[in-house]
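Every heavy atom of this structure was used, including side-chain atoms; hydrogens, water molecules and symmetry mates were not. Positions are given from 1, in the same order as the sequence printed here.
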Amino acid sequence: MKITEALKSLENSWSREEILSKIKNGENSEKIVNDFCSSKQQEIETLTNFINPDDKVLLSEIEDLSNIESKLINKIKNYSFNKVDSSKKEIVQKQIPQPETTISFDLGVFMMKWSNKFVFISLLAISAIALTKQAWA
């Protein structure tokens, strides 16, 4: 098996949405990993044959990064939000961008509501200009 085929197969079979649904259904993380490894053993072996020592260092660093992110998520999850007073909560909620409402323009409603006023004001303006020109002439 080629390395590109193995990588595509591994990438396509490890879907975050599927893993999340398995977790929501109560599956243990160890079971999820073991099932994945047993079903994709050939692809994993192909991948490990192409890993050189530099890549192993990189994999170790990525693993450390993932562990740190996991610890950060746990800290955030366990942080007591009761310590934040209500005024700060309101300020934070105001800072969160709210989705903008789209404004639609309905020409029919505009014309029914504003066309008579627009015509009336336009005629008054034209009359005022015409009278002013006559007065200055």
Side-chain angles (χ1 to χ4, degrees):
M1 177 178 280
K2 294 181 182 178
I3 185 67
T4 56
E5 293 173 357
L7 287 172
K8 280 185 180 181
S9 175
L10 289 170
E11 184 177 351
N12 292 337
S13 60
W14 186 263
S15 167
R16 295 186 106 191
E17 291 82 15
E18 290 178 21
I19 302 302
L20 186 59
S21 69
K22 287 180 182 181
I23 292 170
K24 287 180 179 179
N25 290 333
E27 282 191 45
N28 185 357
S29 60
E30 288 294 322
K31 182 182 182 312
I32 294 170
V33 171
N34 290 336
D35 289 346
F36 178 78
C37 289
S38 64
S39 68
K40 297 294 179 181
Q41 185 171 0
Q42 183 181 4
E43 289 88 348
I44 293 173
E45 287 175 1
T46 303
L47 178 65
T48 55
N49 290 335
F50 285 96
I51 294 177
N52 60 34
D54 292 336
D55 293 335
K56 288 184 181 185
V57 171
L58 179 63
L59 286 173
S60 177
E61 291 171 351
I62 292 172
E63 181 183 16
D64 291 341
L65 178 63
S66 295
N67 289 333
I68 291 170
E69 288 173 344
S70 175
K71 288 177 183 178
L72 178 63
I73 290 170
N74 283 331
K75 283 236 185 225
I76 291 172
K77 185 174 72 174
N78 294 329
Y79 183 74
S80 175
F81 288 104
N82 295 334
K83 294 178 183 176
V84 180
D85 61 9
S86 61
S87 64
K88 287 184 181 178
K89 283 183 183 178
E90 290 174 6
I91 292 171
V92 169
Q93 287 177 348
K94 288 179 183 176
Q95 290 175 348
I96 297 173
Q98 300 296 323
E100 295 181 16
T101 57
T102 57
I103 300 172
S104 62
F105 179 73
D106 191 357
L107 183 63
V109 173
F110 174 78
M111 290 303 290
M112 285 191 307
K113 219 176 198 186
W114 294 99
S115 66
N116 290 338
K117 292 178 185 177
F118 179 76
V119 170
F120 181 74
I121 292 172
S122 298
L123 288 174
L124 282 177
I126 292 171
S127 298
I129 292 170
L131 289 173
T132 306
K133 281 187 174 182
Q134 284 179 357
W136 289 102

Flag, side chain of Ser60 to backbone of Lys56, donor-acceptor distance under 3.5 Å: no
Rounding to 0.5 Å, atoms OG1 (Thr46) and CD (Gln41) come to a distance of 10.5 Å
For Glu11, give me all partners under side-chain contact (heavy atoms from CB on, under 4.5 Å), at least two apart in sequence or on another chain. none
Working to the nearest 0.5 Å, report the span between CD1 of Ile73 and CD of Glu69. 6.5 Å
Nearest-0.5 Å distance that lies between atom CG in Leu65 and atom CG in Leu58: 10.5 Å
Sub-4.5 Å side-chain heavy-atom contact between Lys71 and Lys75: no
Considering only residues two or more places apart or on different chains, which pairs with a residue in residues 20-39 satisfy side chain to side chain donor-acceptor pair (under 3.5 Å)? Lys31-Asp35
Lys8 NZ to Glu5 CD distance, which is reported to the nearest 0.5 Å: 8.5 Å
Just verifying a value: how many Å separate Ile19 CD1 and Ile32 CD1, rounded to the nearest 0.5 Å? 5.5 Å
Within the structure provided, determine whether Glu43 and Leu47 are in side-chain contact (heavy-atom separation under 4.5 Å). no
Nearest 0.5 Å, please: how far is CG in Asp64 from CD1 in Ile68? 6.5 Å
Enumerate the ring pair (Phe, Tyr, Trp, His ring centres under 6.0 Å) contacts for residues 12-42, please, sequence neighbours excluded, ordered by first and then second residue. Trp14-Phe36
Okay, side chain of Ser70, backbone of Ser66: is any donor-acceptor separation there less than 3.5 Å? no
